[in-house]
Amino acid sequence: MFTTFIGTPQSLTGGSVNGNARGTSVLPSTESSETSVRPPPKPKRPQVARACDWCRVHRVKCDNSLPCKNCHNRGGRCSNRNSSEARALAQAYREVDRLKQKVSELEEQLREERNASKATSLSNITSDPSSQISAKDSSPLDLNHTLDSTNTKRCTKKSWDGIHTSTAYSRHKSWYGPLSLFYFINRMNGYLTSVFQQLHQDEQIQFNSAAKYFPTPNCNRPSAGQDLSSEEPSKATSSGEFLTPTEEEYFLNLFWQSYHSSLLVLNELDFKEHYRSLWATPGKPRNPSALADIVIAISMQYGMAGIPRNGTRASSDVDADDPTVAGRWYYRRCQSLLTGELESPTISTLQCQILSVIYLCCASFQNTAHSTLALAVRTAQMLGLHSEPAEAVPHAEQEMRKRLYWSLYTVESKTCMKLGRPFSLSLSSTLCSLPSDDHATAMLAGSNFAPLGENVTWLSYNLHNTKLVLAARAVYTALCDKYSDVYDGDKGGTIYDDLEALERYANILATEIKTLDIWAQNLPPALKTKRANDGVALSTDHSPLVVERFAPLWLQRQRLLLELLYHNLSMNLYRPFITFPSASTSLSPPPSTLVTQSHANSAANHAMAITHIMHQMLSETDILCGWHEAFQWQWNAALTLAGYLFAYPSSATTGTARQAVDRAVAVFEIFGRSFAAANSAAAVMRDLATKADFVASRTGDGQLQMPAHAGGGINPSGNNGGMTRTSNEEYTALQSMLAVDTGFSLDPSHGLEMLWSTMGNVPDEWGYNFQL
């Protein structure tokens, strides 16, 4: 047996050199000996949270002294500019909490300041010594009176008041602004009443329309004591009043050929797919759809107006079969279906409302159209169309939303400018950009129309039509806003009592109207109708239009509608400066009114341009046949020409304007082959032309005497019943004639025949015609 012993080196055991060399084990040293030999711990180096700027740049140790030792030794400035920066996550959290606390403190201070400001303002109102009302014992009525009086003191500028006149079936009067056609009619009637010393009422210079004969587009006259809301709802859904599927298809196709290219509120492919889905069961009636109904209604209204009516004698009486109210049952069913969508509207709801406005305007239900417009505006805002579409929305849908909103904006602006009423939509609340008209967008719009040029598509009409209305609206707004800056009302009720102020007002228009000139210059040539004999497009040189022979119908109509709208808007802006003569201008030398006279001539020139275009197009083509808006533009132009003839019976433009009136009558006669309102308009213009000739003849030989009130003054009530008499005998004679029957009819269908028996040298055909 062998045993192996392992020895421990002496250097490790610390034993004596004389110890046992036979490999015996050595015990380790005790704990006390290890403690005695351990070195003492080193002192901890002081830590610095952040070195100063100089030490950090030079990468030397810094201390917590201020200044630090290094900066003190070198005699420099010790600074730490970024000491508040968060260098760790915990510091960042603390910094965020500190900033939140600071924001809360500042918001609280702001609220206190606002409350103090409101309290001070209210204290100033209630402590006004002129009101003698204290906040302690004042009643709510007293406080309201004080606030009203305060606002009255601030609003010291003179406003341009409109008129109240009756334009519908009811005798109730509506308000129309000073730039509207109805205001101009009131001025013209005031002048005629003074000159002829006979009664002229506004209702007599209004053509017969469905709105004159019926209270609603349903064409039902309520019996005595019956409410309009009590009409039988069952009749609206009678199957006999609606079309067959084939007939519906015909009128739907008519819509794509007419309104679709000028009123871009529908996607053709989407609508056709929607319409097909309505025929769920073969052989059964289609499912109800408000959108399909209103499209059919507006197409029937247009289509029936282009078909001559049966009968040899042209009638001026509007009945329930008149084309202006064709499709009324579809319209009514559409409105009934829309009632259930008002709380949760969709894009289709807004499309129906816009098309309903067009239907009502063509039927001359102006106030109903204006009310429907207000509803459409609120619907668009509910849908958020006034804001820019989200980027996540597909491009085609983005552009559709833009076209829909700006179509509404355009229709609302045109309607409000026509009626002279405030706008509901404004650019200040509009964040949506104008729609695009590039080729890629046109391809996604749902219709197949050929491109018109490198940068012009079928969508370009919509874009430039919107820009035209925006330009005209800017001029219109400037005129309304600057009226009080020009005229303070010290010489009469309106600016027409102060010709110098009117001239200053005309200078404002001369500057603002350049916006429309810029639009005309920037309009692409592809959207302009060429003129013959080197004539200029969109001008008033009365040169004939050159209709492109092989251009598609939708393009020809787009070009004509743009030019007619341009002339119509320009005429409306110039027309307020047609000034009727007064006694003051004949007794004393009038001030220089060259700009005012120039604007009056411009109004007549634009009216003649509309008349020449309408007469040529209706005589040679079918492009505008049945287009109700074009008929209304012609009516607007015709009355402007009539007013110009009365105001300036011997000017250089009078002869040309008189010939244009005859052309306007011819235009109405062409329209009158289809609907009665045009025949009524022709009758009104014939009467006005006869009276204009009489005024011109009396002015030419010096026999016409201008009464003291012959300035075309405005009666805010719309009733020009005030008459000037030269003797008590003539006044008594007129009263005896009126006493025949105080309830005589003033139905405008009887024309403009007046009470001429007390006035000498008057044609016999001017005898007054009334019903007993």
Side-chain angles (χ1 to χ4, degrees), residues 254-266 298-299 301-303 305-306 354-355 357-359 361-362 403 406-415 417-418 435 437 447 449 452 456-473 516 519-520 522-531 537-540 545-548 551-572 606-607 609-637 667 670-671:
L254 195 61
F255 178 84
W256 307 121
Q257 300 168 15
S258 56
Y259 278 105
H260 178 56
S261 59
S262 59
L263 184 64
L264 278 66
V265 297
L266 294 179
I298 197 175
S299 300
Q301 189 184 50
Y302 164 73
I354 295 177
L355 293 174
V357 171
I358 303 301
Y359 181 88
C361 285
C362 293
R403 288 195 296 269
W406 285 107
S407 296
L408 173 62
Y409 196 101
T410 300
V411 172
E412 201 258 347
S413 298
K414 288 167 56 178
T415 302
M417 287 190 289
K418 178 173 65 175
D437 65 335
S447 299
F449 292 103
L452 305 180
V456 182
T457 65
W458 73 283
L459 299 179
S460 299
Y461 166 85
N462 180 65
L463 177 62
H464 291 281
N465 182 71
T466 302
K467 290 182 177 179
L468 171 59
V469 174
L470 288 175
R473 174 169 167 167
L516 286 178
W519 175 88
N522 295 334
L523 185 66
L527 294 177
K528 294 180 180 179
T529 303
K530 297 180 181 180
R531 299 291 188 93
L538 301 176
S539 69
T540 57
L545 273 64
V546 177
V547 180
E548 192 173 345
L553 180 62
W554 62 267
L555 176 58
Q556 296 178 8
R557 186 178 288 117
Q558 282 186 350
R559 292 170 175 172
L560 286 175
L561 293 181
L562 275 178
E563 179 155 4
L564 288 171
L565 179 60
Y566 167 75
H567 289 303
N568 184 70
L569 294 175
S570 300
M571 176 186 64
N572 290 345
H606 283 287
I610 292 174
T611 303
H612 281 80
I613 293 174
M614 290 293 301
H615 186 266
Q616 179 186 353
M617 291 299 101
L618 290 176
S619 302
E620 301 175 4
T621 72
D622 294 332
I623 300 175
L624 298 177
C625 183
W627 204 264
H628 293 275
E629 188 176 23
F631 162 72
Q632 294 175 0
W633 288 337
Q634 181 61 80
W635 171 250
N636 193 20
V667 170
I670 296 175
F671 276 119

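These figures come from a predicted structure and were not determined experimentally.
In this structure the side chain of Thr611 never reaches within 4.5 angstrom of the side chain of Met614, judged on heavy atoms. No side-chain heavy atom of Lys530 sits under 4.5 Å from any side-chain heavy atom of Leu545. Using a 4.5 Å heavy-atom threshold, the side chains of Thr410 and Asn462 count as separate. When side chains are defined from C-beta on, Trp406 counts as touching Leu470, because their heavy atoms get closer than 4.5 Å. By the 4.5 Å heavy-atom criterion applied to side chains, Phe631 and Leu618 are not counted as neighbours. A 4.5 Å side-chain heavy-atom check between Asn465 and Leu562 finds at least one atom pair inside the cut-off. Leu408 places none of its side-chain heavy atoms less than 4.5 Å from the side chain of Val357. Using a 4.5 Å heavy-atom threshold, the side chains of Leu569 and Met417 count as touching.
Scanning all heavy atoms of the two residues, the minimum distance from Ala520 to Lys528 falls at O-NZ, 3.3 Å. Annotation for Leu555 and Ala526: closest pair CD1-O, 4.0 Å, computed over non-hydrogen atoms. The heavy-atom pair separating Pro524 from Val456 by the smallest distance is CB-CG2, 3.8 Å. Nearest approach of Ser539 to His567, heavy atoms of both residues: O-CE1, 3.3 Å. Residues Gln632 and Cys361 share a closest heavy-atom pair of NE2-O, 2.8 Å. Residues Ser261 and Trp554 approach most closely at OG-CB, 3.6 Å, considering heavy atoms.
We find the OG1-CG distance between Thr529 and Leu560 to be 4.5 Å, quoted to the nearest 0.5 Å. Here the NZ atom belonging to Lys418 is positioned 9.0 Å from the CG atom belonging to Asn568, to the nearest 0.5 angstrom. Expressed to the nearest 0.5 Å, how far OG of Ser407 lies from CD1 of Ile358 amounts to 9.0 Å. A distance of 15.0 Å separates NE2 of His464 from OH of Tyr566, quoted to the nearest 0.5 Å. Within the model, atoms CG of Leu523 and CZ of Arg559 stand 10.5 Å from one another, a figure rounded to the nearest 0.5 Å. Atom SG of Cys625 is separated from atom CZ of Phe671 by 7.5 Å, given to the nearest 0.5 angstrom.
Annotation: Asn522, atom CG; neighbour count of heavy atoms from other residues, nucleotides and ligands within 6.0 Å is above 12.
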In sequence, state the C-alpha distance, the side-chain angles, and the governing distance for Ile623 and Leu553, and then conclude on side chain to side chain contact (heavy atoms under 4.5 Å, CB included).
CA-CA 7 Å; Ile623 300 175; Leu553 180 62; 3.9 Å; yes
So Leu565 and Trp633, side chain to side chain contact (heavy atoms under 4.5 Å, CB included) or not? Walk me through it.
CA-CA 8 Å; Leu565 179 60; Trp633 288 337; 3.9 Å; yes
Stepwise side chain to side chain contact (heavy atoms under 4.5 Å, CB included) check, Tyr409 with Thr466:
CA-CA 8 Å; Tyr409 196 101; Thr466 302; 5.9 Å; no
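Checked against the 6.0 Å centroid threshold, Tyr259 and Trp627 count as a close aromatic pair.
Between Trp458 and Phe449, the two ring planes are tilted [angle within 30° to 60°]. Relative orientation of the Trp256 and His260 rings is perpendicular, given thresholds of 30° and 60° on the angle between their planes.
Remark: side-chain polar atoms of Arg403 are not paired, donor with acceptor, to backbone N or O of Leu459 under 3.5 angstrom. Thr540 contributes no side-chain N or O that, together with a main-chain N or O of Ala609, makes up a donor-acceptor pair within less than 3.5 Å. For Arg557 (side chain) and Pro552 (main-chain N/O), no donor-acceptor pair under 3.5 Å exists by modelled atom type. Side chain of Ser460 to backbone of Thr457: a donor-acceptor contact under 3.5 angstrom is found. Looking only at distances, no side-chain donor or acceptor of His628 sits under 3.5 Å from a matching main-chain atom of Ala305.
With sequence neighbours excluded, the residues satisfying salt bridge (Lys or Arg N to Asp or Glu O under 4.0 Å) with Lys414 are Glu629.
Using modelled atom types, one finds no donor on one side chain facing an acceptor on the other under 3.5 Å when comparing Ser262 with Gln558. In the model, Asn572 has a side-chain atom that pairs as donor or acceptor with a side-chain atom of Asn636 under 3.5 Å.
Of the listed residues (Val547, Thr621, Leu561), just one forms a side chain to side chain contact (heavy atoms under 4.5 Å, CB included) with Gln556, and that residue is Val547.
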